[in-house]
Amino acid sequence: MARAVKFDRYGGVEELKVVEVPTPKAGPGRVVVEVVAAGINPGEGYIRSGALHERWPATFPSGEGTDFAGRVVEIGSGVGGIEIGAEVLGFTDERASHATHVVVPAEQVTLKPSKLDWDVAGSLYVAGTTAFATVRAVDSQVGDTVAVSGAAGGVGSIAVQLLRARGATVLGIASEVNHDWLRKAGVIPVAYGAGLIDRIRAAAPDGVDAFIDTFGAEYVDIAIELGIAVERIDTIINWEAAERYGVKTDGNAAAGTIDVLAELADLAAAGTVEVPIAAVYPLDKVQEAYRELEQRHTRGKIVLHP
Ligand SMILES: NC(=O)c1ccc[n+]([C@@H]2O[C@H](COP(=O)([O-])OP(=O)(O)OC[C@H]3O[C@@H](n4cnc5c(N)ncnc54)[C@H](OP(=O)(O)O)[C@@H]3O)[C@@H](O)[C@H]2O)c1
């Protein structure tokens, strides 16, 4: 038997439980991975709460989880180029990675670079490919000044480093507790709260060229007020503001491919991108993991160990 996180109805973290399930079988074109580490993402909490029922309904009992890293333990017919025991990272589209075992199409895994930490590998897909999409969406160029809200979160912490790698000056909007981490990443920290626009203008006297919003709230309004062109503003959460102003909404769906994941894995293994691991929880503590995530003050990623 395998073990997997499930919930039987919409609700709070208390709906999450770990249950025994049959160990998945590979089937044609698929591989079974024994999961070593699996990241958690805010969207999973929104789905579990029912808030996204219109957009992405759940069917019950529902599993959860997209990101994972682990070892291949079974290979289905027709799959080539991968061996039992291979260390891989990847993603599932079936809300199923928060489990001891996950079965996915073979093209949804890529070999884990040996230097890549398991926890980083297991939490790279959603946040990393989303960050990649946001940076591409705002077309960041050498010499640009780009502001990022939620700059130390799962998506933001990766986005700011990708922007630096592309030669941008980066303003990272975050609370004081994250300012040292941002400075070390070459980012100019800016505290959020009253007076934010003035602090952004003071930090970027020649203006801000692009804005990536990974937090929501009033950040798209602020980007508009700063005079940034709508095609250089990307929000991954505020659909209402995006519709109102016509700004971009590129996120995971725009860059969530195995090729982008492999590129990010190489960048993380090389140390070009650091993914801070805020906390690691055993699978049985999944409720606590989401309680921490739902405080919305995570630096980097929270990871489950099945
Ligand atoms: N559209 C997509 O494809 C897509 C993909 C992934 C995620 N998302 C969404 O994007 C959002 C971010 O995801 P994530 O994984 O990065 O979340 P996360 O890791 O939970 O982000 C937490 C960050 O938010 C910051 N924060 C809290 N209050 C803030 C405020 N008032 N202003 C600015 N920053 C604030 C925190 O910084 P401090 O500790 O400094 O306060 C923390 O670093 C979520 O809503 C998620 O659902 C969308």
Side-chain angles (χ1 to χ4, degrees), residues 1-6 18-41 43-44 47 56 58-59 61-130 132 252-269 275 277 280-284 286 289 301-306:
M1 294 295 273
R3 299 172 75 238
V5 173
K6 298 277 180 190
V18 180
V19 298
E20 290 212 329
V21 293
T23 306
K25 293 274 162 230
R30 289 158 78 92
V31 294
V32 176
V33 175
E34 188 170 9
V35 179
V36 173
I40 69 172
N41 291 285
E44 293 145 6
I47 288 171
W56 293 301
T59 52
S62 177
E64 69 168 17
T66 300
D67 306 343
F68 67 86
R71 294 184 182 84
V72 173
V73 291
E74 196 194 338
I75 299 173
S77 60
V79 176
I82 197 153
E83 290 172 4
I84 297 288
E87 298 185 347
V88 297
L89 66 159
F91 62 98
T92 166
D93 295 322
E94 296 168 11
R95 298 179 184 167
S97 72
H98 297 164
T100 55
H101 297 75
V102 60
V103 57
V104 290
E107 57 274 14
Q108 286 180 206
V109 297
T110 185
L111 288 178
K112 182 180 86 62
S114 56
K115 282 192 183 150
L116 184 61
D117 176 80
W118 277 111
D119 293 332
V120 173
S123 57
L124 201 51
Y125 173 73
V126 170
T129 61
T130 302
F132 184 100
N252 173 250
T257 66
I258 200 67
D259 291 342
V260 171
L261 181 62
E263 188 177 330
L264 291 163
D266 286 341
L267 289 172
V275 180
I277 300 300
V280 175
Y281 288 88
L283 198 63
D284 286 322
V286 62
K301 296 299 302 175
I302 296 174
V303 183
L304 297 173
H305 278 188

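- Val21 has its side chain within reach of Lys6: a pair of non-hydrogen atoms, C-beta onward, lies under 4.5 Å apart.
- A distance of 8.5 Å separates CG of Leu283 from NE2 of His98, quoted to the nearest 0.5 Å.
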Should Glu87 and Leu111 be marked as a side chain to side chain contact (heavy atoms under 4.5 Å, CB included) after you check the CA-CA gap, both sets of side-chain angles, and the distance that decides it?
-> CA-CA 6 Å; Glu87 298 185 347; Leu111 288 178; over 6 Å; no
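- Between Glu34 and the options Val73, Val102, Thr100, a side-chain contact (heavy atoms from CB on, under 4.5 Å) holds for only Val73.
- Remark: side-chain polar atoms of Thr130 are paired, donor with acceptor, to backbone N or O of Val126 under 3.5 angstrom.
- The minimum heavy-atom distance between Val260 and Phe132, with the atom names listed, is CG1-CG, 3.6 Å.
- Checking side-chain atoms of Tyr125 against main-chain N and O of Thr66 turns up no donor-acceptor pair under 3.5 Å.
- Nearest approach of Thr110 to Ala262, heavy atoms of both residues: OG1-CB, 3.7 Å.
- Residues Ile258 and Leu89 come closest through the heavy atom pair CD1-O, 4.5 Å.
- Using a 4.5 Å cut-off on side-chain heavy atoms (C-beta onward), Val103 and Val31 make no contact.
- In this structure, CD1 in Ile277 is found 10.0 Å from CD1 in Ile302, a value given to the nearest 0.5 Å.
- Put simply, CH2 on Trp118 and NE2 on His305 are 10.0 Å apart, with the number rounded to the nearest 0.5 Å.
- With Asp67 contributing its side chain and Ala38 its backbone, the two residues share no donor-acceptor pair below 3.5 Å.
- Between Arg95 and Glu64 no salt bridge is recorded (no basic side-chain N to carboxylate O distance below 4.0 Å).
- The heavy-atom pair separating Pro306 from Ala99 by the smallest distance is CG-O, 3.2 Å.
- Using a distance-only test at 3.5 Å, with no hydrogens or angles considered, no donor-acceptor pair links the side chain of Gln108 to the main chain of Gly90.
- Remark: the backbone N or O of Val120 is paired with a side-chain donor or acceptor of Asp117 at under 3.5 angstrom.
- With contacts defined as side-chain heavy-atom distances shorter than 4.5 Å, the pair Phe68/Val33 qualifies.
- Checking Thr129 against Asn252 by side-chain atom types alone, a donor-acceptor pair falls below 3.5 Å.
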With side chain to side chain contact (heavy atoms under 4.5 Å, CB included) as the test, would you mind laying out the steps for Ile40 and Glu44 before giving the verdict?
-> CA-CA 7 Å; Ile40 69 172; Glu44 293 145 6; 3.8 Å; yes
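- Nearest heavy-atom pair across Val72 and Glu83 is CB-O, 3.8 Å.
- Closest approach of Lys25 and Val32 over heavy atoms only: C-CG2, 3.7 Å.
- Ionic pairing of Glu94 and Arg30 is present here: one or more N-O contacts between side-chain nitrogen and carboxylate oxygen are shorter than 4.0 angstrom.
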